[in-house]
Amino acid sequence: MSENSNPEPSNFIRNIINDDLKNNKNESRVHTRFPPEPNGYLHIGHAKSICLNFGVAQDYEGGVCNLRFDDTNPEKEDVEYTDSIQNDVKWLGFDWEDRLFYASDYYEKLFEFAKQLIRDDKAYVCHLNTDETREYRGTLTEPGKPSPYRDRSVEENLDLFGRMRAAEFDEGECLLRAKIDMASPNMNMRDPAIYRIRKVAHHRTGNDWCIYPMYDYTHCVSDALEGITHSLCTLEFEDHRPLYDWFLDQLPVPCHPQQIEFARLNLNYTVTSKRKLNELVTDGHVSGWDDPRMPTIVGMRRRGYTPESIRDFCGRIGVTKTDTVIDVGVLENCVREDLDKRTRRVLGVLDPLKVVIENYPEEETESLDAPYHPNNPDMGQRQLPFSKVIYIEQSDFMEDPPKKFYRLGPGREVRLRYAYFITCNEVIKDDAGNVVELRCSYDPETKGGNAPDGRKVKGTIHWVSVEHALQTEVRLYDRLFNDPKPDSNKHEQDWKEFLNSDSIKLIKAAYLEPSLAEAQKEDIFQFERTGYFCVDNKDSLDGKPVFNRTVTLRDSWAKRK
RNA sequence: UGGGGUAUGGCCAAGUUGGUUAAGGCACAUGGUUUUGAUCCAUGCAUUCCGAGGUUCGAGUCCUCGUACCCCAGCCA
């Protein structure tokens, strides 16, 4: 591939790496890692980090990226999540090859390193309880004060730490702490915890351990043990960097990776905090983590978003240290762009209005050629059955149309896509005055959609033969929230009050062209003039696909109204 | 003056060591093509880079002083 066809994005992290390479730092290696805690499902925010970490590695000669589970808090973690996370990363199109690691792989080494810290008088066992620890820590503006246990001897600390591991203490009874600086203006340096006691089973190590290492201690050491060169994380860890470096400076680790922080992704009309996503699920506002309205990877997948579109999105938004809120429209646009070129066009009527073509023979059915893609003949074509009674979209008829309305109205002529010109002769209403049926006539000369006399029609509408239609369920999804910033802390209201009550519209019986009976799970189509739809990967049955609307088409007509 | 960060058009974002007309995408607007009011194509869209001073022949890029916003007081990550 030529390099100009898809130039690498320029961002501050790549600039740092370029400099490092120029200076022969890290033996000119580039080694990153994606380090999720397996305590939930991955979402679009994680996708940014995944694309960054794997993407950077991919783009440099010999660069690699590890998948590492930061599993140091057994109470919240589970194999359900390690499984789903691996699936999601793979689905996004990335490959960690044989480099799947767990922080829990390093428990024994971490324990030995901790003893080293004690021997060097850089760590001590502290018996302050939680409240006391908080008091001793001081506040943002006042320094903390040293724990009364801070000056225990190396021997005593070694003995105590061994007994912590041997389960001789209860949860919360004591901690192993780093001995740094209780007066540091950086709270993270005020003798942070290294190990705490948790008498719970770990999803991988079972009951082997009753003490678990903290993130700050574990992460930097894990990075170093794996030979990571650039440890990319989000902005809130900026204050932790001195501690990251402190641990590595004390310990005989093989290398000292550089932590670099970037801004996490925020999307408007969306929430991405794990807590809130979880609340949506447990409170039943959505059907699960994979509800098509969820910003989770599984949700977006079920919605019909493609890995390509998500990767494209992550590339377009850039990587900076600026706190920003990206317009979801950018994501939707990436989806449309990808789907436009890859999906087959089909006809489907979601809100049917019956049309009887009076001059069309009663029993006749004809088969019409219909290409799958207007700009790409390679995608082939299928046959469309046409007959006397068809459905068109309710919104494609107006009894009293405004100017600029190109569609059907009394006495008007339109083209049925790939079929004939029809003219509306009569409007039939029910007792309540609702339009229930149109009586039309067709021009046999216009088969295929062109008039031999050269006359033009302004509008082309989609349709489906009633007799041949596949009747199935279609779900129209929309944004989950009405407000651009549902979780802004400036709102007085609870974020859930901004839930969009119309985020799902269920159509029990939509009428689709019969070829769709063969659609397979996760196939995506464009229903002409209405949007992109994907076959639900859960509720679809053989021959009876259920469709989820991925995203609508752009609609400049709707905008005009 | 607790500490750490960030400020470039409606939303993102590029802008190496100061040097001509401040990339690009999204959005928006207008025109063209079109059997999807889709796609596609063309054009337009920051006398200005948070503000005020200053240095300089020349500053988004350097200096000074301000302002706004974000993060930090888990035995979570």
Side-chain angles (χ1 to χ4, degrees), chain A residues 7 9-11 15 18-19 35-37 39 70-73 75-77 126 128-130 133-135 137-144 171-177 184-190 192-198 212 214-216 218-219 233-242 261 263 268 274 315-334 336-337 340-341 345 347 371 373-375 404-407 415-419 421 446 448-450 456-462 526-531 552-560:
Chain A
S10 173
N11 64 51
N15 292 345
N18 291 338
D19 281 350
E37 184 190 12
N39 68 345
D70 239 324
D71 55 348
T72 54
N73 186 3
E75 313 173 82
K76 293 186 173 172
E77 299 157 4
C126 178
L128 252 24
N129 65 31
T130 312
T133 304
R134 190 186 315 116
E135 279 167 34
R137 188 159 36 228
T139 68
L140 292 178
T141 52
E142 306 160 59
E171 283 194 12
E173 202 175 333
C174 54
L175 278 181
L176 182 70
R177 292 226 255 167
S184 171
N186 182 343
M187 300 298 280
N188 297 298
M189 301 301 269
R190 319 242 265 226
I194 303 178
Y195 271 92
R196 78 287 213 182
I197 299 169
R198 281 290 173 280
Y212 290 93
M214 300 291 291
Y215 163 85
D216 284 304
T218 309
H219 201 88
C233 64
T234 42
L235 250 26
E236 66 271 27
F237 292 105
E238 247 165 343
D239 288 346
H240 295 238
R241 194 184 339 129
E261 310 84 10
N268 60 14
K274 208 163 272 180
R316 288 194 203 194
I317 58 177
V319 180
T320 65
K321 294 177 74 98
T322 321
D323 282 305
T324 56
V325 181
I326 312 273
D327 192 329
V328 271
V330 178
L331 212 207
E332 292 167 348
N333 182 68
C334 291
R336 283 193 188 98
E337 204 170 284
D340 171 62
K341 57 176 189 275
R345 271 61 197 203
L347 268 28
H373 193 113
N375 311 319
K404 294 281 194 180
F405 183 82
Y406 302 157
R407 289 106 99 144
R415 171 165 41 231
L416 295 176
R417 176 130 242 221
Y418 307 126
F421 286 10
T446 58
N450 288 303
K456 302 285 183 207
V457 288
K458 200 75 168 137
T460 300
I461 64 176
H462 59 279
Q526 185 197 96
F527 290 6
E528 293 210 33
R529 303 208 309 132
T530 84
T552 60
L553 253 34
R554 273 209 195 80
D555 190 348
S556 55
W557 167 247
K559 214 176 291 175
R560 168 190 292 265

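Lettering of chains follows the sequences in order, A, B, ..., and the numbering in each one begins at 1. Since the structure is predicted, the reported quantities are computational estimates derived from the model, not experimental observations.
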How would you label the contact of [X] with the nucleic acid (heavy atoms, under 4.0 Å): base, sugar-phosphate, or nothing?
X	answer
Asn15(A)	sugar-phosphate
Phe405(A)	base
Thr320(A)	sugar-phosphate
Leu553(A)	base
Lys458(A)	nothing

Atom pair CZ/OG of Arg190(A) and Ser184(A) - distance to nearest 0.5 Å: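 Arg190(A) atom CZ to Ser184(A) atom OG measures 6.5 Å (nearest 0.5 Å).
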If I take atom CZ from residue Arg415(A) and atom CD1 from residue Ile461(A), how far apart are they, to the nearest 0.5 angstrom? 11.0 Å
Nearest-Å distance, [atom1] ([X]) to [atom2] ([N])?
X	N	atom1	atom2	answer
Glu528(A)	rU34(B)	CD	P	17 Å
Arg241(A)	rG3(B)	CZ	P	17 Å
Glu261(A)	rG4(B)	CD	C1'	10 Å

Nearest heavy-atom pair of Val319(A) and Asn11(A): which atoms, and what distance? O-CB, 3.5 Å
Using 30° and 60° as the class limits, which term best fits the ring planes of His240(A) and Phe237(A): parallel, tilted or perpendicular?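 Ring orientation of His240(A) relative to Phe237(A): perpendicular.
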Suppose we screen for side-chain contact (heavy atoms from CB on, under 4.5 Å). Which residues come up paired with [X], at least two apart in sequence or across chains?
X	result
Ser10(A)	Asn15(A)
Pro143(A)	Ala183(A)
Leu175(A)	Arg177(A), Ala193(A), Arg196(A)
His373(A)	Arg345(A), Asn375(A), Asn376(A), Met379(A)

Under the rule for side-chain hydrogen bond (donor to acceptor under 3.5 Å, both in side chains), what residues qualify as partners of [X], not counting sequence neighbours?
X	answer
Arg316(A)	Asp312(A), Glu337(A)
Arg529(A)	Asp396(A), His462(A)
Lys458(A)	none

Could you pull out all residues at least two apart from Phe527(A) that satisfy ring-ring contact (aromatic ring centres under 6.0 Å, His included)? Phe533(A), Phe547(A)
Does rG74(B) adopt a syn or an anti glycosidic conformation, taking syn as a chi angle within 90° of 0?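 rG74(B): syn glycosidic orientation.
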Glu75(A) and Arg198(A) ion-paired at < 4.0 Å: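 Judged by the 4.0 Å cut-off on N to carboxylate O distance, Glu75(A) and Arg198(A) do form a salt bridge.
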Side-chain donor-acceptor contact under 3.5 Å, Arg241(A) with Asn188(A): no
When you match Phe527(A) and Arg554(A) each to their closest nucleotide on RNA chain B, which lands nearer the 5' end? Phe527(A)
Canonical and wobble pairing (Watson-Crick, G-U, under 3.5 Å) of RNA chain B, dot-bracket with |: .(((((((.[[[..)...(....]]].(((((.......))))).....[[[[[..)....]]]]])))))).....
Output a table of nitrogen or oxygen pairs between the protein and nucleotides 6-10 of chain B separated by less than 3.5 Å.
none

rA38(B), OP1 or OP2 - any side-chain N/O from Ser556(A) closer than 4.0 Å?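 Yes.
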Between Arg336(A) and rA38(B), does any side-chain N or O lie under 4.0 Å from OP1 or OP2? no
Hey, what are the protein-to-nucleotides 22-25 of chain B N/O distances that come in under 3.5 Å?
from    : atom 1 : to        : atom 2 : distance (Å)
rG25(B) : O2'    : Arg316(A) : NH1    : 3.3

How would you summarise protein contacts on nucleotides 72-77 of chain B per nucleotide, using B for base, S for sugar-phosphate only and - for none, with heavy-atom distances below 4.0 Å? BBSBSB
